Amino acid sequence: MTAHLIKVNCKLFLTYILIAIPFLLFSQEREKTYSFNFNNTPLVKVFEQVEKVSSVKFYYQPSDLDGVFVSKSISNSTLNNVVKEVLSNTAINFFVYDESFFLTKGIRLDISNLKQENDIANRQLPSTNTVDGAKVFNKLYEVGIRNNNTKVGTAAVVGYVLDEATKNPIPGAKISSADNKINVTSDSAGLYIITLPLGLNYLTITAVEYKMAKRQVMIYGDGKLNLEIKQNVEMLREINILSQRSSALKNLEMGVNKLTIASIKQVPAVFGEPDILRVVLTLPGVQSVGEASTGFNVRGGSVDNNLILLDNSTIYNPSHFFGFFSAFNPDVVKEVQLYKSTIPERFGGRLASVLEVQNREGDKTKLKGSAGIGMITSRFSVEAPIDSGRTSFILAGRGTYSNWLLDLLPAEYKNSRASFYDLNFGISHKLDDRNDLNLTAYTSRDNFKLNSDTSYNYTNRNLSFEWRKRINPRLRASFKAALDNYAYKIESDANLVNAYTLKFNVGQANVKADFKYIFNDNHILNFGISSIGYNIQPGKFDPLGGTSLVQKETLQEEKALETALYFGDEFKVNERLTVNLGLRYSIYNMLGPRVLNVYAEGQPKTDVNILSTESYSNNRIIKTYQSPEIRLAGRYSFTDDLSLKASYNTLIQYIHLLSNTTAVAPTDVWKLSDPNISPQKGSQVSLGIYRTFASKTIETSVETYFKRLRDFLDYKSGATLIMNQAIEQDVIKTNGKAYGVEFFVKKTTGKLNGWVSYAYSKVLLKMDDITEGPLVNGGQYYPANYDKPHSFNFTGNYKIKQRYHFSLNFTYSTGRPITLPIAKYYYAGSERVYYSDRNSYRVPDYLRMDVSLNIEGNHKVKQLLHNSWTFGVYNVTGRRNVFSTFFTQDSGVINGYNLSIFATAIPFVNYNIRF
């Protein structure tokens with residue numbers, strides 16, 4: 001026992017000696033006297049001279065010392081007196097700390113509560129090595145182990161950007177160095193990693209709906225620093241603020257659009273409820289075939305070429321209520337990102353774009369909630385902490401009571417009914433400073449029928465789990481798992497003898513591990529692995545009721561496994577040039593059990609060309625496809641407000657949507673690649689120039705692109721896509737090209753803010769392979785069903801007063817292509833219809849204007865309830881925009897009709913509360 005105490009006391013004594021020696025030496029240094037003669041010497045040079053003849057260090061912001069000159073003779077003075085004399089009659093203050101002089105302009109620092117970082121072993125981050133809650137500017141925060149060498153080298157600082165009141169993470173926050181040469185953005189979990197030079201650093205933190213904040217940080221080595229910032233209580237609701245300024249200019253990615261929920265709520269939508277996908281459609285290069293469709297097309301891609309993710313879960317049908325509402329509840333959405341040019345290596349499986357929707361975490365400090373009541377829908381959300389700020393939950397739901405509206409339709413639709421609901425649930429838990437867990441769940445259900453005895457219902461069910469881990473200051477990981485399911489059912493009992501039920505189901509399970517490693521100042525490495533297991537029931541046809549004579553029929557189940565590895569290096573060549581070199585390698589295995597047709601080589605896939613069938617046992621590999629996918633991007637900054645970007649991507653898609661409509665519909669069928677249907681492939685090259693004006697409050701960009709499509713699926717005339725045992729006989733492989741130019745202008749601040757976009761684009765397909773079947777349009781290029789060359793959008797928000805905001809949305813686009821009957825002829829004694837070349841005509845152009853007025857309640861922070869009203873009109877001009885064209889034959893006469901979804905102006909009102 002005595003020996004143990006002696007050892008402990010010896011250790012303590014040695015520790016005290018080691019700590020005391022530097023202070024004693026420094027005290028002696030400060031007591032020495034010095035003499036200087038300065039004649040109009042720049043202040044920077046003054047301190048350089050002092051450093052040369054002493055052992056002290058000076059830390060300052062160079063810009064603070066600009067324009068300050070010293071003309072003084074100083075004799076036999078201590079260092080303290082020298083500095084006091086030099087800085088007399090200036091606005092610069094100083095304090096002495098840890099053998100160093102710290103200089104600040106106009107600010108006196110409070111160093112009474114400085115925290116020293118200890119016990120960093122092997123560059124790890126124990127929970128004690130954390131500066132929690134850096135909240136104010138006039139305080140110095142330390143990161144790393146305090147030492148005597150703080151001017152050479154760099155260190156990695158990792159942490160969260162947090163809401164000061166709720167402690168919730170803030171995604172998309174921008175952390176910048178004082179000279180704006182180092183910029184990073186917090187990820188969807190609020191986590192950031194930044195490499196800073198050792199010594200004193202000034203950081204600026206900006207985020208949408210938060211006040212700009214500045215922090216002073218002394219960097220001794222690697223460590224963790226959580227940054228807390230205050231919400232802008234005034235809630236000006238500008239579409240974007242400082243954190244978004246020049247983001248497109250500084251980021252390496254091109255063709256990436258980020259939307260916050262504040263911007264989404266400013267865009268008027270049908271029936272008044274904020275709609276994420278409607279706002280996405282206002283971005284350049286994004287279009288839809290018309291109203292009543294929440295499927296969207298990006299740069300020549302079909303609706304199935306978009307990967308839609310909600311908290312890492314795949315959403316196969318993102319629409320509600322005939323497509324009038326999207327599947328995402330605006331009350332819980334945190335942010336939305338659309339990738340259409342530079343698609344990160346971690347994403348794959350689709351040709352056109354990735355739409356990533358992130359829901360927010362529940363409040364970790366107090367119970368909060370919100371609710372909204374509209375003309376046909378209502379919604380609610382509630383969130384609260386569960387235990388001492390480490391765990392929280394959020395629950396939200398929406399439902400509809402729309403039958404009163406359907407009752408107003410003409411008599412031929414009097415039996416129509418429609419309803420939907422969706423629920424979001426999330427729970428987040430902070431294990432410690434290095435580990436965070438998140439579990440999210442989503443379920444939705446739609447039911448409808450249109451004046452018939454046929455009813456439709458479809459469901460989305462998604463469950464996802466994420467474990468985020470900070471392994472050390474330079475390496476972080478994210479481990480994800482998800483279960484996704486989409487199913488629909490159609491029932492018809494109009495005729496009891498022919499009553500039937502038709503079912504379809506697609507399910508997938510996926511796991512993923514993502515890693516990010518800061519190798520050094522110039523290299524950030526991203527790498528990982530993912531695997532997706534598909535299981536599709538493409539169709540099950542059953543009799544409905546005991547009197548039905550319908551014969552049961554079930555299509556073969558389809559299974560496959562898709563695995564991918566990826567690696568990317570974000571390489572900072574110099575201060576102006578940054579490049580990303582990425583590679584993704586995917587392997588796809590089609591699995592049994594299956595029975596497949598074997599067709600004659602080089603012949604169209606028809607019944608007469610079937611040579612045999614081949615059977616495969618359960619989980620046997622039937623066919624393997626594999627391909628490297630290249631992801632290259634580069635940015636060159638000419639100046640702080642002008643940059644040039646370029647990118648090149650190759651992508652492959654193993655799952656296909658079979659649909660006889662141009663929009664997402666409840667009867668769509670998803671099909672896996674097999675020996676008879678190849679994966680779709682695409683490559684895209686893009687070039688863009690970005691410029692900011694008016695102190696970076698106005699962002700402009702011009703992007704152009706060219707895309708090649710191979711094995712792109714189209715359909716034979718009269719194709720049968722539902723309950724088809726040999727679907728490969730009704731689809732055709734085409735090659736295609738898409739190209740265009742996109743213009744974008746965005747004003748981010750001020751009373752008037754918003755964006756305007758214009759895009760010219762073409763997407764053309766060609767089927768000139770006689771082995772696939774009859775040539776389409778003689779083997780020449782023809783427009784895809786969703787080809788719309790011209791598209792113009794304006795979205796604006798004007799703050800009339802603090803509580804009153806007026807919004808306007810204007811949309812114009814070219815009408816989509818259609819195929820028309822152009823003549824009649826007689827053949828074999830009967831009258832036939834002769835059709836034009838495929839997609840050689842177009843419906844009339846689309847034009848729509850919407851307006852809304854938002855009235856906020858008072859902005860008192862401490863009142864129990866906050867409320868707001870939204871009034872507006874959708875389709876103000878009442879234009880009858882054509883959704884589709886159809887033809888009927890009456891007494892030998894063919895008549896054509898245009899179908900419009902909204903043929904009049906639609907007023908709306910919403911009341912919202914939050915607590």
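Fair warning: this is a prediction, and the values are worked out from it, not measured in the lab. The figures that follow rest on heavy atoms only: side chains count, while hydrogens, waters and symmetry mates do not.
With ring centers used as reference points, His790 lies under 6.0 Å from Tyr760. Checked against the 6.0 Å centroid criterion, the rings of Phe638 and Tyr636 qualify as a close aromatic pair. For an aromatic pair to be called close, the ring centres must be under 6.0 Å apart, and Phe527 with Phe515 satisfies this. Aromatic ring centres of Tyr739 and Tyr705: separated by at least 6.0 Å.
For Gln287 (side chain) and Lys788 (main-chain N/O), a donor-acceptor pair under 3.5 Å exists by modelled atom type. Side chain of Arg803 to main chain of Glu856: a donor-acceptor pair is present (N/O by atom type, distance under 3.5 Å, no hydrogens or angles). Using modelled atom types, one side-chain atom of Asp275 and one backbone atom of Ser326 make a donor-acceptor pair closer than 3.5 Å. With hydrogens and angles ignored, the 3.5 Å screen pairs a side-chain donor or acceptor of Asn520 with a backbone N or O of Asn522. Looking only at distances, a side-chain donor or acceptor of Thr704 sits under 3.5 Å from a matching main-chain atom of Gly740.
Under a 4.0 Å N-O distance rule, the pair Glu361/Arg468 qualifies as a salt bridge. Using a cut-off of 4.0 Å between Lys/Arg side-chain N and Asp/Glu carboxylate O, Arg816 and Asp787 are scored as not salt-bridged. Ion pairing between Arg848 and Asp850 holds under the 4.0 Å rule for side-chain N and carboxylate O. Ion pair Glu703/Lys340 not flagged as a salt bridge, since none of the NZ, NE, NH1 or NH2 atoms sits closer than 4.0 Å to an Asp/Glu carboxylate oxygen.
Defined by atom type and a distance below 3.5 Å, a donor-acceptor pair is missing between the side-chain atoms of Tyr798 and Asn753. Residues Tyr812 and Asp845 bring a donor and an acceptor atom of their side chains to less than 3.5 Å of each other. For the residue pair Gln653/Asn305, the side-chain donor-acceptor check at 3.5 Å is satisfied. A donor-acceptor contact closer than 3.5 angstrom links the side chains of Ser177 and Asp179. A side-chain N or O of Ser370 and one of Ser381 form a donor-acceptor pair less than 3.5 Å apart.
The structure places CG of Asn574 at 8.5 Å from NZ of Lys572, a figure rounded to the nearest 0.5 Å. To the nearest 0.5 Å, atom CZ of residue Arg350 and atom CD1 of residue Ile343 are 11.5 Å apart. Remark: Asn526 CG to Tyr517 OH distance equals 13.0 Å, nearest 0.5 Å. Note that the OH atom of Tyr192 and the CD1 atom of Ile170 stand 12.0 Å from one another [nearest 0.5 Å]. The line from CD1 of Ile630 to CD of Glu345 is 12.0 Å long, rounded to the nearest 0.5 Å. A distance of 9.0 Å separates CZ of Phe328 from CG of Asn359, quoted to the nearest 0.5 Å.
Residues Arg215 and Tyr141 come closest through the heavy atom pair CD-CE1, 4.3 Å. Residues Asn875 and Arg879 share a closest heavy-atom pair of ND2-O, 3.1 Å. Across all their heavy atoms, Leu644 and Gly688 have their closest contact at CD1-O, 3.2 Å. Taking every heavy atom of both residues into account, Gly582 and Leu632 meet most closely at N-CD2, 4.3 Å. Summarising the geometry of Gly159 relative to Leu191, their closest heavy-atom pair is O-CD1, 3.2 Å, with the distance given to 0.1 Å. The two residues Tyr160 and Leu162 have their closest heavy-atom pair at CB-CD2, 3.6 Å.
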Might you work through the side-chain contact (heavy atoms from CB on, under 4.5 Å) test for Ile175 and Val161, ending with a clear yes or no? CA-CA 9 Å; Ile175 302 95; Val161 183; 3.8 Å; yes
Before giving the answer on side-chain contact (heavy atoms from CB on, under 4.5 Å), spell out for Leu808 and Phe794 the whole-Å C-alpha distance, their side-chain angles and the decisive distance to 0.1 Å. CA-CA 8 Å; Leu808 182 144; Phe794 171 79; 3.7 Å; yes
Working for side-chain hydrogen bond (donor to acceptor under 3.5 Å, both in side chains), residues Ser478 and Asp514: CA-CA 5 Å; Ser478 173; Asp514 297 320; 4.9 Å; no
Carefully, step by step, assess Tyr758 and Asn793 under the rule side-chain hydrogen bond (donor to acceptor under 3.5 Å, both in side chains). CA-CA 7 Å; Tyr758 167 76; Asn793 289 280; over 6 Å; no
Walk me through whether Asn183 and Lys174 qualify under side-chain contact (heavy atoms from CB on, under 4.5 Å). CA-CA 7 Å; Asn183 297 278; Lys174 183 179 178 182; 3.2 Å; yes
Assess whether salt bridge (charged side-chain N to carboxylate O under 4.0 Å, His left out) is satisfied between Arg631 and Glu629, documenting all intermediate values. CA-CA 7 Å; Arg631 311 292 169 86; Glu629 302 175 47; 2.8 Å; yes
When you look at Phe806 and Ser852, which way does the side-chain contact (heavy atoms from CB on, under 4.5 Å) test go after all the steps? CA-CA 6 Å; Phe806 175 78; Ser852 70; over 6 Å; no
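Note on ring orientation: taking the six-membered ring where Trp is involved, the planes of Phe571 and His523 are parallel (angle under 30°, cut-offs 30° and 60°).
A 4.5 Å side-chain heavy-atom check between Leu355 and Val336 finds at least one atom pair inside the cut-off. Side-chain contact check for Thr314 versus Leu309: some heavy-atom pair is nearer than 4.5 Å. Put simply, the side chain of Asn797 does not reach to within 4.5 Å of the side chain of Leu752, judged on heavy atoms. The shortest distance between side-chain heavy atoms of Ile698 and Thr692 does not fall below 4.5 Å. Under the 4.5 Å side-chain criterion, counting only non-hydrogen atoms from C-beta, Phe296 is in contact with Leu281. Counting only heavy atoms from C-beta outward, the side chains of Phe325 and Glu273 approach each other to under 4.5 Å. Annotation: side chain of Lys737 is not in contact with side chain of Leu709 (no heavy-atom distance under 4.5 Å). Within the 4.5 Å cutoff, side-chain heavy atoms of Leu338 are placed close to those of Val286.
For Phe871, the CZ atom is densely surrounded, since the number of other residues' heavy atoms within 6.0 Å is greater than 12.
For the side-chain hydrogen bond (donor to acceptor under 3.5 Å, both in side chains) with Arg635, the lone residue among Thr342, Thr578, Asn580 that qualifies is Thr578. Partner of Val217 under the side chain to side chain contact (heavy atoms under 4.5 Å, CB included) criterion, chosen from Leu200, Ile194, Leu196, Leu203: Leu203.
Cation-pi geometry between Lys645 and Tyr690 is satisfied (NZ or CZ under 6.0 Å from the ring centre, within 45° of the ring normal).
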